[in-house]
Amino acid sequence: MQRRPNSQILAIALLTGLALPLLAARFHGRQKAMDFRITSAAFTDQQAIPQAHSCDGDRTSPALRWQGIPSGTRSLALIVHDPDAPAGDFVHWLLYDVPPSITELPSGTYNEAKFPLGGLQGQNSFGDLGYGAPCPPQGSPPHHYIFTLYALKAPQLGLPSGASREQLQAAMRGRILAQTELVGTFQRP
C-alpha cells in the first residue's frame, strides 16, 4: 500500500468533512500548553510591580499563581530576571524541583535552600538564595522583570540548592513541556 503525502490526506479530509476533527486532534497538545498561565495578585502582565516587593519596600516576593499545568508535568521551575539591568541580564529568583501539586506561592520571601512548600532555591545575582527584590538605579527608565514558569517532565533536576541560572537552564534542556511568563515593570524615582 502506497502512503499518501500529508497534503493529500488533508485534501481528502476537507472533502469528507473530517478536517476539523483531524486538526483538533493534531493541535490538542499545543492548546493544553497554551492554557498554562502564571499570574499575580500584586500586578498584572506588563504593569508595575508594587513598591512593597522592591528594595524600597519590604523586599518580599509577590504572590504568584498558575493554572493549566500540562499533563505529564513532574516538576516546575521558576526563573525571574531583569534583562534591562545596567550590567546585563540580572537574576532575581531561581526556584526548581517544585512539585506540580503546588499551584501558588504566597507573598513573602523565603531565603532558605529548601523552599518550604517544596523545591529548592538557586542563587540570584545578588549572591543570595531566594527572591532578590527589584532595585534598578534611581531615575533609570522602567525595568522589566520576567517571571518565567516551566513545566518539566523530570521530577527532580539533580541540582543542589544554590544552583546558578546557567546550571538550571542546562538541567532543564530537553525536559521542558511548556513555559509561560508574566512581566512586571519597576522604576525608582
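Since the model is a prediction, treat every value here as computed from it, not as a measurement.
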(request) Kindly compute the distance separating CE (Met172) from CG (Leu157), expressed to the nearest 0.5 Å. (result) 7.5 Å
(request) Specify the closest pair of heavy atoms between Gly119 and Pro99, including all atoms of both residues, with the distance to one decimal. (result) N-CD, 4.3 Å
(message) Give me each pair satisfying ring-ring contact (aromatic ring centres under 6.0 Å, His included) with a member in residues 146-176, each pair once, sequence neighbours excluded.
(response) Phe43-Phe147
(request) For Thr60 and Gly108, indicate whether the former's side chain and the latter's backbone hold a donor-acceptor pair under 3.5 Å. (result) no
(message) Side-chain heavy atoms nearer than 4.5 Å, only ILVMFWY residues, links allowed to pass through others: does that put Leu78 and Leu168 together?
(response) no
(message) Nearest 0.5 Å, please: how far is CG in Asp97 from CG in Leu152?
(response) 8.5 Å
(request) Quick one: closest heavy-atom pair of Pro136 and Tyr145, and the distance? (result) CD-OH, 3.3 Å
(message) Suppose we screen for side chain to side chain donor-acceptor pair (under 3.5 Å). Which residues come up paired with Gln167, at least two apart in sequence or across chains?
(response) Ser164
(request) Not counting sequence neighbours, list each pair that qualifies as a salt bridge (charged side-chain N to carboxylate O under 4.0 Å, His left out) and has a residue in residues 65-75. (result) Arg65-Glu104
(message) Please report the interatomic distance CG(Leu149) to OG1(Thr180), rounded to the nearest 0.5 Å.
(response) 7.0 Å
(request) Grab the two heavy atoms, one from Pro106 and one from Leu117, that are nearest each other, plus how far apart they are. (result) CD-CD1, 3.7 Å
(request) Output all residues satisfying ring-ring contact (aromatic ring centres under 6.0 Å, His included) with Phe90, sequence neighbours left out; order by chain, then residue number. (result) His92, Phe126
(message) Using side-chain heavy atoms (C-beta onward) and a distance below 4.5 Å, is Pro86 in contact with Pro137?
(response) yes
(request) Return each pair, listed once, that meets salt bridge (charged side-chain N to carboxylate O under 4.0 Å, His left out) where at least one residue sits in residues 126-147; pairs must be two or more places apart or across chains. (result) none
(message) Once rounded to the nearest 0.5 Å, what's the spacing between atom OG1 of Thr103 and atom CG of Leu64?
(response) 11.5 Å
(message) Listing request: all side chain to side chain donor-acceptor pair (under 3.5 Å) pairs with a residue in residues 40-50, at least two apart in sequence or in separate chains.
(response) none
(request) Mind listing the closest non-hydrogen atom pair of Leu177 and Ser71 along with its distance? (result) CD1-O, 4.0 Å
(request) Look only at the side chain of Ser61 and the backbone of Tyr131, and say whether a donor-acceptor pair between them is shorter than 3.5 Å. (result) no
(request) Say whether, by atom type as modelled, one donor and one acceptor occur between the side chain of Gln187 and the main chain of Ser140 under 3.5 angstrom. (result) yes
(request) State plainly whether one hydrophobic cluster holds both Val80 and Leu159, where clusters connect Ile, Leu, Val, Met, Phe, Trp and Tyr through side-chain heavy atoms under 4.5 angstrom apart. (result) no
(request) Check whether any side-chain heavy atom of His53 sits under 4.5 Å from a side-chain heavy atom of Ser107, and report yes or no. (result) yes
(request) Starting from the C-alpha separation in whole Å, work towards a yes-or-no answer on side-chain contact (heavy atoms from CB on, under 4.5 Å) for Gln121 and Trp93. (result) CA-CA 8 Å; Gln121 301 209 71; Trp93 199 6; 2.8 Å; yes
(message) Under 4.5 Å side-chain heavy-atom separation, chaining through any Ile, Leu, Val, Met, Phe, Trp or Tyr, what else clusters with Val183? Say none if it is isolated.
(response) Ile146
(request) Would you indicate whether the side-chain heavy atoms of Cys55 and Phe186 approach each other to under 4.5 Å? (result) no
(message) Show me the pairs that pass salt bridge (charged side-chain N to carboxylate O under 4.0 Å, His left out) and involve residues 176-189, at least two apart or across chains.
(response) Asp56-Arg188
(request) Report the distance from atom CG of Leu129 to atom CG of Leu95, rounding to the nearest 0.5 Å. (result) 11.0 Å
(request) Under the ring-ring contact (aromatic ring centres under 6.0 Å, His included) rule, collect the residues that match up with Trp66, sequence neighbours excluded. (result) none
(request) Would you please name every residue forming a side chain to side chain donor-acceptor pair (under 3.5 Å) with Asp84, sequence neighbours left out? (result) His144
(request) For Lys114, check side-chain contact (heavy atoms from CB on, under 4.5 Å) against everything at least two apart and list the hits. (result) Leu120
(message) So, taking the atom named CG in Asp82 and the one named CG in Asn124, what distance separates them when rounded to the nearest 0.5 Å?
(response) 12.5 Å
(message) Please tell me whether Val98 and Ile79 are part of a single hydrophobic cluster in this structure, the criterion being side-chain heavy atoms less than 4.5 Å apart.
(response) no
(request) Tell me, please, which residues at least two apart from Arg165 pass side chain to side chain donor-acceptor pair (under 3.5 Å). (result) Asp89
(message) Could you check whether any side-chain heavy atom of Ile69 comes within less than 4.5 Å of a side-chain heavy atom of Gln67, counting everything from C-beta outward?
(response) no
(request) Search all heavy atoms of Ala42 against all heavy atoms of Pro50 and return the closest pair with its distance. (result) O-CG, 3.3 Å
(message) Donor-acceptor check, side chain of Tyr96 to backbone of Ala163, threshold 3.5 angstrom: yes or no?
(response) yes
(message) Ignoring hydrogens, what is the shortest heavy-atom contact between Gln123 and Leu94? Give both atom names and the distance.
(response) O-CD1, 3.5 Å
